[in-house]
Amino acid sequence: QVQLVESGGGLVQAGGSLRLSCAASGSIFSINGMGWYRQVLGKQRELVATITAGSNTNYADSVKGRFTISRDNAKKMVYLQMNSLKPEDTAVYYCNADVEYYSGTQRRSRADYWGQGTQVTVSS
């Protein structure tokens with residue numbers, strides 16, 4: 001019913017920049033909080049940044065001052081601008097959204113959705 005699709009990952013040298021995008025689609029009524037998480041193989045998924053429907057933001061200490069999360073409610077998209085990238089930022093980045101969606105005639109439900117992930121690799 002709802003899909004999140006990330007794009008924008010890739011290989012970049014340390015100090016470089018990347019911009020991740022995540023598009024939400026489906027039978028969406030509204031999107032509440034959105035966020036970006038990352039995971040390194042063998043480690044737990046960790047929060048990178050979140051943004052509320054009112055655009056209040058929260059960042060992991062490790063990315064503060066380097067990453068910026070933003071959203072376009074009309075386009076149902078969330079972005080992550082990543083600057084001054086470091087090798088330790090290498091991970092699979094996942095988009096997350098708390099979505100209210102149409103689940104039937106005059107019915108709405110709410111669930112947490114994840115994208116499929118996009119690889120970010122920062123070389124030293």
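Linking ILVMFWY side-chain heavy atoms closer than 4.5 Å, directly or via other members, places Met82 and Ile69 in a single hydrophobic cluster. Put simply, Ile51 and Leu4 are part of the same group of oily side chains (I, L, V, M, F, W, Y) that touch within less than 4.5 Å, one to the next. Phe67 and Val12 fall within a single hydrophobic cluster, where Ile, Leu, Val, Met, Phe, Trp and Tyr are joined by side-chain heavy atoms under 4.5 Å apart, directly or via other members. Tracing side-chain contacts under 4.5 Å through hydrophobic residues (I, L, V, M, F, W, Y), one never reaches Tyr37 starting from Leu20; they form parts of separate clusters.
Here the CE atom belonging to Met34 is positioned 11.5 Å from the OG1 atom belonging to Thr50, to the nearest 0.5 angstrom. For the atom pair Thr90 OG1 and Leu41 CG, the distance stands at 13.0 Å (nearest 0.5 Å). For the atom pair CZ of Arg66 and OG of Ser17, the computed distance is 10.5 Å after rounding to the nearest 0.5 Å. Between Tyr101 atom OH and Ile28 atom CD1 the span is 11.5 Å, to the nearest 0.5 Å.
Partners of Ser70 by side chain to side chain donor-acceptor pair (under 3.5 Å), not counting sequence neighbours: none found. Listed by chain and number, the residues in a side chain to side chain contact (heavy atoms under 4.5 Å, CB included) with Ser123 are Leu11, Gln13 (sequence neighbours excluded). Every residue was checked against the ring-ring contact (aromatic ring centres under 6.0 Å, His included) condition with Tyr59, not counting sequence neighbours, and none meets it. For Arg45, there are no salt bridge (Lys or Arg N to Asp or Glu O under 4.0 Å) partners at least two apart in sequence or on another chain. Applying the side chain to side chain contact (heavy atoms under 4.5 Å, CB included) criterion to Ala14, with sequence neighbours excluded, gives Pro87, Val122. Shown here are the side chain to side chain donor-acceptor pair (under 3.5 Å) partners of Ser27, two or more places apart in sequence or in another chain: there are none. For Arg19, there are no side chain to side chain donor-acceptor pair (under 3.5 Å) partners, not counting sequence neighbours. Taking the side chain to side chain donor-acceptor pair (under 3.5 Å) definition, one finds that Arg108 meets it with nothing, sequence neighbours left out. Ser30 meets the side chain to side chain contact (heavy atoms under 4.5 Å, CB included) test with Asn32, Glu100; sequence neighbours excluded. Residues satisfying the side chain to side chain contact (heavy atoms under 4.5 Å, CB included) test with Val92, not counting sequence neighbours, are Tyr94, Gln119.
For residues 44-92, there are no disulfide (SG to SG under 2.5 Å) pairs, not counting sequence neighbours. Pairs passing the salt bridge (charged side-chain N to carboxylate O under 4.0 Å, His left out) check and including a residue from residues 70-88, sequence neighbours excluded, do not occur.
Residue Leu47 comes nearest to Ala60 through the heavy atom pair O-CB, 3.4 Å, listed as atom of the first residue, atom of the second, then distance. Taking all atoms of both residues into account, the shortest heavy-atom contact from Asn73 to Ala53 is ND2-O, 3.7 Å. Shortest non-hydrogen contact noted between Arg38 and Ser62 is NH2-OG, 3.4 Å. Between Val40 and Ala91, the closest heavy-atom pair is CG2-CB, 3.9 Å.
Within the 4.5 Å cutoff, the side chain of Trp36 has heavy atoms near those of the Cys95 side chain. In this structure, the side chains of Phe29 and Val99 stay at 4.5 Å or more apart for every pair of heavy atoms. Within the 4.5 Å cutoff, the side chain of Val78 has no heavy atoms near those of the Ile31 side chain.
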